[in-house]
2 protein chains.
Amino acid sequence: MVTYVGQGDPARTMALLWGSAPAPPRRGPRPGLSLEEIVRAAIDIADAEGLAEVSMRAVAARFGRTAMALYTYVPGKEELLDLMVDRVLADADRDLPYAQGWRAAATAGAHASWEFHVRHPWLLQISATRSVLGPHELDSYEAQSRVFAGLGLSGLDITRLVGTLHTFVRGAAASMAEARAAERVTGISETDWWTTRAGYLESMVTSPEYRARYPTITSFEPTAHDVPDPDAPYLEQQARDTFTEGLAVVLDGMAAFIAARGAAGPGSVPAVPPAAESAAQGSAAP
Amino acid sequence: MVTYVGQGDPARTMALLWGSAPAPPRRGPRPGLSLEEIVRAAIDIADAEGLAEVSMRAVAARFGRTAMALYTYVPGKEELLDLMVDRVLADADRDLPYAQGWRAAATAGAHASWEFHVRHPWLLQISATRSVLGPHELDSYEAQSRVFAGLGLSGLDITRLVGTLHTFVRGAAASMAEARAAERVTGISETDWWTTRAGYLESMVTSPEYRARYPTITSFEPTAHDVPDPDAPYLEQQARDTFTEGLAVVLDGMAAFIAARGAAGPGSVPAVPPAAESAAQGSAAP
DNA sequence: AGAGAACTCTTTACAGCGTAAAGTAACGTG
DNA sequence: CACGTTACTTTACGCTGTAAAGAGTTCTCT
């Protein structure tokens, strides 16, 4: 119910993101926890109970500690959220079928990303544009950019295509995630939620007054506002279909853009040779 | 920094949204406030100071009352947020140039909606998919749907096109809003924020290790990661351009969809005659 | 070996949040 | 004038993130 939008101290966050495991302290008691497991516990809670349940006290309780114990490992909650974002992206699927052409790769990537966001809906609640710039986020960005490499596009072109696709996927995933969260969050089942409103909407479609105010939407097929079948969640299916159909539309637009712009001129981004696709995945501080 | 995602009791909310002003009480002291001005005050705070500053105490303080006084008018904070959403949509621009064709109308509508969301960025933080279904939200939905009426599309087609466009606009507006909020929220200027990260990124582009891990994005023109000119906010301009360019791409895709699907068959949604465009805007409970 | 620095973790505390419960004061009707 | 209704306040509770101070453990340096 309550979520963060801000962001922690960038320097500290970057150090935590990119720094290899810090040297173990030379004095004092051994650390009973690690940054890694704290971040994982926070992700577990967010996945299972929602971002609202991720409190410093709740995370610490998973280790039998008090909230303040976490401040030994993390500067504050905002930094913890930053770390959660990058860490969870490590599990995102990044094996895209680049060899099958950009459209197949983009479709696969969009579907993978959509499902990933639906699986970790709290990602949608944390600011996306102010990117965390962690290693795994860059992995993801690299994988998506590679889809459009070798088509004669500039880096800026690719940045925008990836941005557009990302924006669309996140928006569609948000519809899905919120359709799913509807019942859990409000304690009202999807059917109940819909039926309480249906009474108002029904009278609307038939009332001449409302047909005058809303001529277009009241002329839609009535099924669009029917009470959903509880076994086949209406909002969920709607969200899924809107994503699939919308994706095709967006990709059609990109096809036109690539056809018009792509000419392999100077400054265009070259494709990654297939041999290099499984490049080193090691990480070290820069 | 903290925002709500849940939603209030739907029945109560619907009554408040659609109910005309309730009959004044027959006994007891006169109400010193009204629902209307409470909602407006909350919107003022959200616009000026961000959604995080909209607390029951803060809203009440604008009227010299305590937080609990608001509960005479509103069941709780979540319902207040629902009301804010629908109320602010009353001010959205809805004069679209339908006569100039769907693409012109869609472009105008998208730009208006984008600017509206940038002006009221807190809208992006409140759940969008679980729509409030208030009169003004329906006005907006009607205006956007009308863009695609008369093209031979079904209601479901139109719903999805509108959904795709809406998703895209919100995502792009989110980029813009967060670029703007960056400084205010974190207390760090955009330039500072970027330069602290630039050190890490710079070494990345030159390091062979990172060129191997991120071959595509490290081959982009270096300007993409340059420190922005403080006078011409880099992130803002980037967000604006991505919106404009992305919109063209999305609309190209829609053009292809309409060309393929639009055949004015049975079940297709007819255009609204221009005469009816300035229809009655009065509202009454259904 | 002993002192002290360094380190983890706890305890306590504070200001803020939404809101439940109870009380006070004002008002219109019988 | 008394009563019931209503607007609003006061108090309180449990929750949040985190500052400050202290307890306890472990290593290093003299």
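In what follows, every chain begins at residue 1, and chains take the letters A, B, ... in the order their sequences are listed. All figures in this text were calculated on a predicted structure; none of them were measured in a lab.
Listed candidates were C:dT8, D:dA19, D:dA7. Nearest to the side chain of A:Thr72 is C:dT8. Considering only side-chain atoms of A:Arg30, the nucleotide from D:dC27, C:dC9, D:dT18 that sits closest is D:dC27. Of the candidates C:dC9, C:dA6, D:dT25, D:dT25 carries the atom nearest the A:Pro29 side chain, counting heavy atoms from C-beta on. Relative to the side chain of A:Ala69, the nucleotides C:dT10, D:dT18, D:dA7 differ in distance, and C:dT10 lies closest. Between C:dC9, D:dT5, D:dA7, one nucleotide has an atom nearer to the side chain of B:Arg27 than all others, and that is D:dT5. For A:Pro31, whose side chain is taken as the heavy atoms from C-beta onward, the closest listed nucleotide among C:dG18, C:dT8, D:dT10 is C:dT8.
Atom C1' of nucleotide D:dA7 and atom CG of B:Leu35 are separated by 15 Å, given to the nearest angstrom. Atoms CG (A:Leu51) and P (D:dG17) sit 11 Å apart, rounded to a whole Å.
B:Phe116 approaches B:Leu89 most closely through the heavy-atom pair CE2-CD2, 3.7 Å.
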Test side-chain contact (heavy atoms from CB on, under 4.5 Å) on A:Arg87 and A:Glu36; report intermediate values, then the result.
CA-CA 9 Å; A:Arg87 180 55 185 76; A:Glu36 168 78 16; 3.4 Å; yes
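Under 4.0 angstrom from either OP1 or OP2 of C:dC17 there lies at least one side-chain N or O belonging to B:Ser55. A:Tyr71 has no side-chain polar atom (N or O) that falls below the 4.0 Å cut-off from OP1 or OP2 of C:dT10. Within the structure, a side-chain polar atom (N or O) of A:Arg65 is placed less than 4.0 Å from OP1 or OP2 of C:dC9.
Of the two residues near DNA chain C, B:Gly76 and A:Gly64, the one whose nearest nucleotide lies more 5' is A:Gly64.
Aromatic ring pairs are classed by plane angle as parallel below 30°, tilted from 30° to 60° and perpendicular above 60°; the pair B:Tyr214 and B:Tyr210 is parallel. Ring-plane geometry between B:His166 and B:His117 is classed as perpendicular, the angle between the planes exceeding 60 degrees on a 0 to 90 degree scale with a lower cut at 30.
A:Arg62 CZ to A:Leu70 CG: the interatomic distance, rounded to the nearest 0.5 Å, is 12.5 Å.
Nucleic acid contact for A:Phe63: none, since no nucleic acid atom lies under 4.0 Å from a heavy atom of the residue.
Between the base of C:dT19 and the side chain of B:Arg57 there is a donor-acceptor pair shorter than 3.5 Å.
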